[in-house]
Structure formats: structure tokens, C-alpha cells
Amino acid sequence: MATPLPINVGRLTQIAGFELVRMFLTKRGLIALAAFALVWLIILRYPIGQAVSIISSPNFEQIARDISGSIGLSKLLDWPEAEFAMYWLIALYSFPVFSLFICSDQTVGDRERGTLRFLSLRSTRFEILFGRFIGQLAVLTCLVAITLVATLAVLGYRDPSLLVGGVGRAVSIFSILIVTFAPFVALMTLINTFARSSRLSIVLAILYFTAGGIVVGLLQWQIPALSVLDYLFPGVQIEQLAGQNLPLLSAVGIPLVQTAVLLAVAQRIFARSSL
Amino acid sequence: MNPLITGRNLSKSYGSKLALNNVNFEIEQGAPVALVGPNGAGKTTLFSLLCGYIAPSNGELEILGHKPGSAALFNKVSALPQDAQLDPRFNIDKQLAFYAKLQGMSTKQSQTEALRVLDLVGLREIAKNRAGDLSHGMRKRVTIAQALIGSPQIVMLDEATAGLDPIHAREVRELVSTLSSEATFILSSHDLTELERLCSQVLHLDKGVLSEHQTKVNQTDKHFYTLMLNEMYENVEQQLQLLNGVSSVYMSQHKEYVIEYTQSEQALDIALLQFCHQHNWQYRQLVNGHTLENQIFKQEKV
């Protein structure tokens, strides 16, 4: 069986880079990209494009503050870049779901087809697994970056004086979002090591969050100390993060630890699995 | 000379099914080695172990002094795994170049290498096609091409000619024959005639148990010829028995006779052909020794 180490950075980069090619230069990838672009055009045109008028409407403001305050989002209403406040909420909740779909075929398709057999004669299993993870995260990073730049353009079109502050805000949002989404990609990396198809990977991921959530909820109901099991689920911190009510250390630390654990388990399974 | 591959007490089981049973073998650098056996004999399991796709249940396997699948073997060992396919969504040249880059080539070198190996299998003109658009035979040849990237020392081809038309199967055989001075090929196939032509060492697997045969030389004191005739003639066995030096004759299969003889100064093969001519027997082939098929079936019958 292949020894997982040493890691060759060149091979790792090649494998990760090929994921970008797969997303942006294949028909299937381009169709997914077109669907993504259409959805985001609508999001940019309506919720984000009209963020200011929605938020600054006198009637809406009080209602929004009441509702936002009760769910901990009041800090967002103080952002001068209303577009980013809207973007932040939409991206934070939509990208994790989206990432489960676009990252559903990291290794499973190649394994079922036998293509991984060609790869494993040229790179270690760790390089394949970690390279694919990095590649998928890079795809997600590109998509987040594109939508952020588009949001920045909408902001600049409304009020150019907000652009400078907007860039800083965009960078900060970008960094937090990527770290937040990493465990979702890693979860799909893990599921790919034992699932039989990308569709099954998606089904298993949905079951993990729904059935898993119910089981953990029941366990917590019996033994409250088991609330720590919430950390088994990527995105556990998103609710607090959405209202900017989470310390930076937790906002970054929780997803990074989750990602590391998920990847370690995935590597353990992948290194022992038959190709 | 150190063997390229050493397997010691190698076993592999899937649940209660024993696919390989305490297999021991050595493969040295040189002429192609054949791996034969009926379906389910354990050939693909042994290939998978050699490539590091699966781990043995027991025993040790070393390739060039390393465990199969280890990074030290990249660029030295290549393989055509049975039924493995390239990604159908990508151009052939892009995928082959990607593999070449993983083997350490630059972007430019990898593109040249992709075309070189496609040329070897006669498919340079489809370099820009997607794998999914190719016929079964073409896909097979492309996957053979990927096994030839770089300069591997060991090339393992599992059922390389299965599904190929006779012309392309012959081309693959010629390719293996040409490249066998540069790399040691390990071939698995059901076509025993093909393996007989190419290989000197034959590893025969049956029900997970391995035995070895040599195709090019008579290993024992007994000497044999195998005579294949075009038609069935009367009393062939009895008449061949009359030849000087022949100790026994039996019909191994339809129109095929195995002649055991004692070696003497007189060349029996010449006498045999003259004998056929005198009796007006049309012969198809005279094999020095047993055919591989007869060796294997004889052993299975025992």
C-alpha cells in the first residue's frame, strides 16, 4: 500500500491546478458556472442591488432592527456598505450548500472509473486527496472572489466614496468566508472516500446534517453535556458568525480544526482503501 | 542480479475467499513475463498488489526494493490496469500531459511526451479528442499509451489486447516486443499464443496458486516437439512412433501431436518434416517443445 508521505509540492500543485481546469475548462464545469452566474446575477440585481433602499426604508428599518436584533444581526445594519451586509448573509448561508454540490465529485468519480489508478502510480494518495481538496477550495475561492468583486462594483456604482472602505470590508469577508467553507469541502473529501458516486455523496452529506442533527439533538436532550457534539457539524458557528457576534479566534479556529480533523479521517480511510 | 520484483508468501483474501494463496515468485529484468490463468484465478488481484492498489493480507512484495505504490517507484513502474478509463470529459493530450507533468516533466516536455506515446499506439491524430468520444479499442490504446509515458523500468499490462481488433492487437504485441529491450513487461492475457510469442517466463495462476513455466527452452531431460497438422490423417501416432529416436507420441488435441524423443546427433525436426512430406501430410506448425497451452492444460489435468 502507498506510503502517504513524502509530499511533493509540485505534484500537489499539479493535482490542485487540474481541479481548476476541470471546473473552468470542461463542459460540465462551465454549465455549473453558468447556472451559478445566473443565480448570482439575480442576487446582485435584487437583494444586493436594492439593499440600501430596503434597509433605509423608514418602515422597514424598524422592523429589520427588531427582527435583526432578535436574531443577533443588528451589527450588520450599522455597516455603511449595505450591499456587503446583504452579501455577507446570502453568501454565508448559500455557499456551504452550494459547496456540497460542486465539491461532491473529488475522488469518487475517478475511483469508480479507475482513473485514480493512473494517478496513484504517479502521486501518493495523500497528494491526490489533499490536492483535490485544495483544488476544490480554490474553485470556491474563485467563485467567492468573483461575487465579491461584483458586489463591490454594485457598491461603487451606488456610492463611489464607499469603495475604499468597501475593499477592506471585502477582503475581511473573503478571508472569513473561505475559512468558514473549508470544512464543508473537507466533509465532501471525507464522504468521497467511501461513497460510490457523487450523487450518493450529496445524499450522504444531507443525511449527515439532517439525520445526524436529529441524533445529536436527541442525545443532547438526554445528556446536555453532549452539546459538544455540535462541533461535528461544519457551520456550527455560522449563526453567531452571521451577526458578527463571534470572536475572531472562534470564527477561524472552529472551522480550521474541523477541516483538519475531517481531512485526517479522510486520509486514514483513503490510504487503506482499495483503488 | 537482483530481481526486479520479489513476492514472498503472498496471500490476499476478500472475506472468506482466498484470491491468492501463499504465492512466491521472482521476476528479473529482461524478456516480458506472462501472467496467465482462468477467470477468477487471481491475476488481477496480483496486478493490483503489484501496483499498490490493494494491500496483501499476508506476505511481502517488493518492487525494485520498495513497497508497491511508494513514491520511490513513480516514473519507474507503470501499468495498464484492467478496465481503468481516462476522464471522458478531457482531451486525450491534456490528460496524458498531466500525467507526464506528475512524473516531473515541464509543460513543454509533457506535451511532446503525450504526442510521442500517442504516436507509439498509432493515435496521434486523435490527441485533441475527448476520451469519451473514442471507441473501446481506441480508449484501450490510449490507456496503453499512458503506461509508456517517461521511461519506466517495469510496465504491467493487464489484458492489454482484450477488445482490440486483430490488427491493433498485433500492433500492441509488436510495440511490446520493440520496447522490451528498454523495460520489463509483465503481461496478462487469455491469448496464450500471444504470450508464447512474447514471453520467456510464464507465471500461471489457478485458484490463487502460482506455478512457473518456461516457454523458450526445454527445462527437463525429456525433449518434445509439438506437431500441428492441417487435417486429420490416419494412424499418425503409430507412424510417427516409427521414427528413429521417438520414444512416445500422443495427440494433445485435434490435429495436434506431442512427440517425446531422446536427443541424438540426428536432427529429428528435419526428419519429422521429411516424414510429413513423404506421407503427404500438410503440416501447419512445428513447435520445439510444448506449447504454452499444453503445458498449462496438462498441469491442470494433473
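Any value given below was found using the heavy atoms of this structure, including those in side chains, with hydrogens, waters and symmetry copies removed. Throughout, a chain's letter reflects where its sequence line sits, starting with A, and its residues are numbered from 1.
For the residue pair A:Ser120 and B:Tyr53, the shortest heavy atom distance occurs at OG-CE2, 3.3 Å. Here the closest non-hydrogen pair linking A:Arg113 and B:Pro88 is NE-CD, 3.2 Å. Between A:Asp110 and B:Asp87, the closest heavy-atom pair is OD1-OD2, 4.1 Å. For A:Leu121 against B:Ser78, the heavy-atom pair with the smallest separation is CD1-C, 4.3 Å. Between A:Thr26 and B:Arg89, the shortest heavy-atom contact is CG2-O, 4.3 Å. Closest non-hydrogen pair, A:Leu119 versus B:Leu102, comes out as CD2-CD1, 3.4 Å.
A ring-centre distance under 6.0 Å is not found for A:Phe118 and B:Phe98.
The CZ atom of A:Arg11 sits 15.0 Å away from atom NZ of B:Lys101, with the distance rounded to the nearest 0.5 Å. A distance of 7.0 Å separates CD of A:Gln14 from OG1 of B:Thr107, quoted to the nearest 0.5 Å. Separating the CZ atom in A:Arg22 from the NZ atom in B:Lys94 is a distance of 13.5 Å, to the nearest 0.5 Å.
For the residue pair B:Gln103 and A:Arg122, a side-chain donor N or O sits within less than 3.5 Å of a side-chain acceptor on the partner.
Residue B:Tyr14 qualifies as enclosed at atom OH: its count of foreign heavy atoms under 6.0 Å is above 12. Atom CD of B:Glu182 has more than 12 neighbouring heavy atoms from other residues, nucleotides or ligands inside a 6.0 Å radius. Remark: A:Tyr46 OH is loosely packed, at most 12 non-hydrogen atoms of other residues, nucleotides or ligands lying under 6.0 Å away.
In this structure, the portion of A:Arg28 lying under 4.5 Å from any heavy atom of chain B is its side chain and not its backbone. Using a 4.5 Å cut-off between heavy atoms, B:Tyr99 contacts chain A through both its backbone and its side chain. Only the side chain of B:Ile149 has a heavy atom closer than 4.5 Å to any heavy atom of chain A. For a residue to count as touching a neighbouring chain, one of its non-hydrogen atoms must lie under 4.5 Å from one of that chain's; by this rule A:Ile15 touches chain B with backbone and side chain alike.
Contact check for B:Phe90 versus A:Val21: side-chain heavy atoms found under the 4.5 Å cut-off.
Counting heavy-atom pairs under 4.5 Å between each of A:Gly114, A:Gly29, A:Gly17 and chain B puts A:Gly114 at the top.
Judged by distance alone, with hydrogens and angles left aside, the side-chain atoms of A:Thr115 form a donor-acceptor pair with the main-chain N or O of B:Gln85 at under 3.5 Å.
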